[in-house]
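For this chain, numbers begin at 1 and follow the sequence in order.
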Amino acid sequence: MKTAARIMYTIGLIFSWIALILLGVSVVLSGLLVGGVVQAQEELPYPPTTLLVISIVFLVIYILVIVLGTRARRAIGNNQVNIAPHILCLVMGAVSGDLFYFLGGIFGLVAESYGKH
């Protein structure tokens, strides 16, 4: 179970890093639109300021997701029983709909319960 949890957390972290990079690009492009450096060729569904705020909020959320995922991945196999990172990833995966963090949390909890015995 430790290997399965580690793999699920790793895949989740890869997708989170990709999302973080795309959100960084979104923040830069939204900032350029707000500053008037770049003019939109077509009508945007939202004002550039709204896009900038949403991008920054999701950027902060994904930074938190990466920190929690990294802590949960490191908690596996450290010869200590610590279920808090796995529960956080389980909840985070359930709320966000991220299957990899959800499964990683389940497998991590099972691996930690085997570590008690």
Side-chain angles (χ1 to χ4, degrees):
M1 284 294 159
K2 289 181 183 181
T3 305
R6 191 175 302 245
I7 289 171
M8 290 296 147
Y9 285 141
T10 302
I11 294 171
L13 283 169
I14 289 170
F15 282 120
S16 295
W17 277 105
I18 291 170
L20 187 72
I21 290 168
L22 292 175
L23 284 167
V25 170
S26 175
V27 167
V28 169
L29 292 177
S30 299
L32 292 175
L33 284 171
V34 168
V37 175
V38 176
Q39 297 295 324
Q41 296 294 329
E42 54 190 51
E43 188 65 29
L44 297 173
Y46 300 104
T49 308
T50 305
L51 290 174
L52 181 65
V53 170
I54 290 171
S55 297
I56 290 173
V57 167
F58 277 108
L59 190 72
V60 170
I61 290 171
Y62 268 93
I63 289 172
L64 179 64
V65 165
I66 288 172
V67 168
L68 291 176
T70 304
R71 288 187 65 206
R73 188 173 183 279
R74 287 183 183 159
I76 297 173
N78 64 355
N79 297 328
Q80 296 176 353
V81 177
N82 188 6
I83 62 170
H86 306 297
I87 292 175
L88 285 173
C89 280
L90 182 68
V91 170
M92 177 180 59
V95 170
S96 69
D98 191 347
L99 183 64
F100 297 113
Y101 286 118
F102 183 74
L103 290 175
I106 291 173
F107 294 150
L109 286 174
V110 171
E112 292 292 337
S113 70
Y114 284 140
K116 289 181 183 178
H117 303 303

Hey, what do you get for [atom1] ([X]) to [atom2] ([Y]), rounding to the nearest 0.5 Å?
X   : Y   : atom1 : atom2 : value
H86 : R71 : NE2   : CZ    : 10.5 Å
I61 : L64 : CD1   : CG    : 8.0 Å
L51 : S55 : CG    : OG    : 6.0 Å
L52 : L32 : CG    : CG    : 10.0 Å
I83 : L90 : CD1   : CG    : 10.5 Å
Y62 : L22 : OH    : CG    : 10.0 Å

- Message: Do M92 and V65 have side chains that approach each other closer than 4.5 Å (heavy atoms only, starting at C-beta)?
- Response: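 Result yes, sub-4.5 Å side-chain heavy-atom pair found.
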- Check whether any side-chain heavy atom of R74 lies under 4.5 Å from a side-chain heavy atom of T70, and answer yes or no. yes
- When you look at CZ of F107, are more than 12 heavy atoms from neighbouring residues, nucleotides or ligands closer to it than 6.0 Å? yes
What are the two closest heavy atoms between [X] and [Y], and how far apart are they?
X    : Y    : answer
C89  : L68  : SG-O, 3.7 Å
K2   : A111 : CG-CB, 3.7 Å
E112 : A75  : OE2-O, 3.2 Å
G24  : L59  : N-CD1, 3.9 Å
I63  : L20  : CG1-CD1, 3.7 Å
I76  : R6   : O-NH2, 2.9 Å

Would [X] and [Y] show up in the same hydrophobic cluster when neighbours are defined by side-chain heavy atoms closer than 4.5 Å?
X   : Y   : answer
I56 : W17 : yes
V67 : L23 : no
V57 : V27 : yes

- Message: Tell me if the centroids of the rings in F100 and Y9 come within less than 6.0 Å of each other.
- Response: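 When the ring centroids of F100 and Y9 are compared, they turn out to be at least 6.0 Å apart.
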- Do we see a donor-acceptor contact under 3.5 Å between the side chains of Y101 and S16? yes
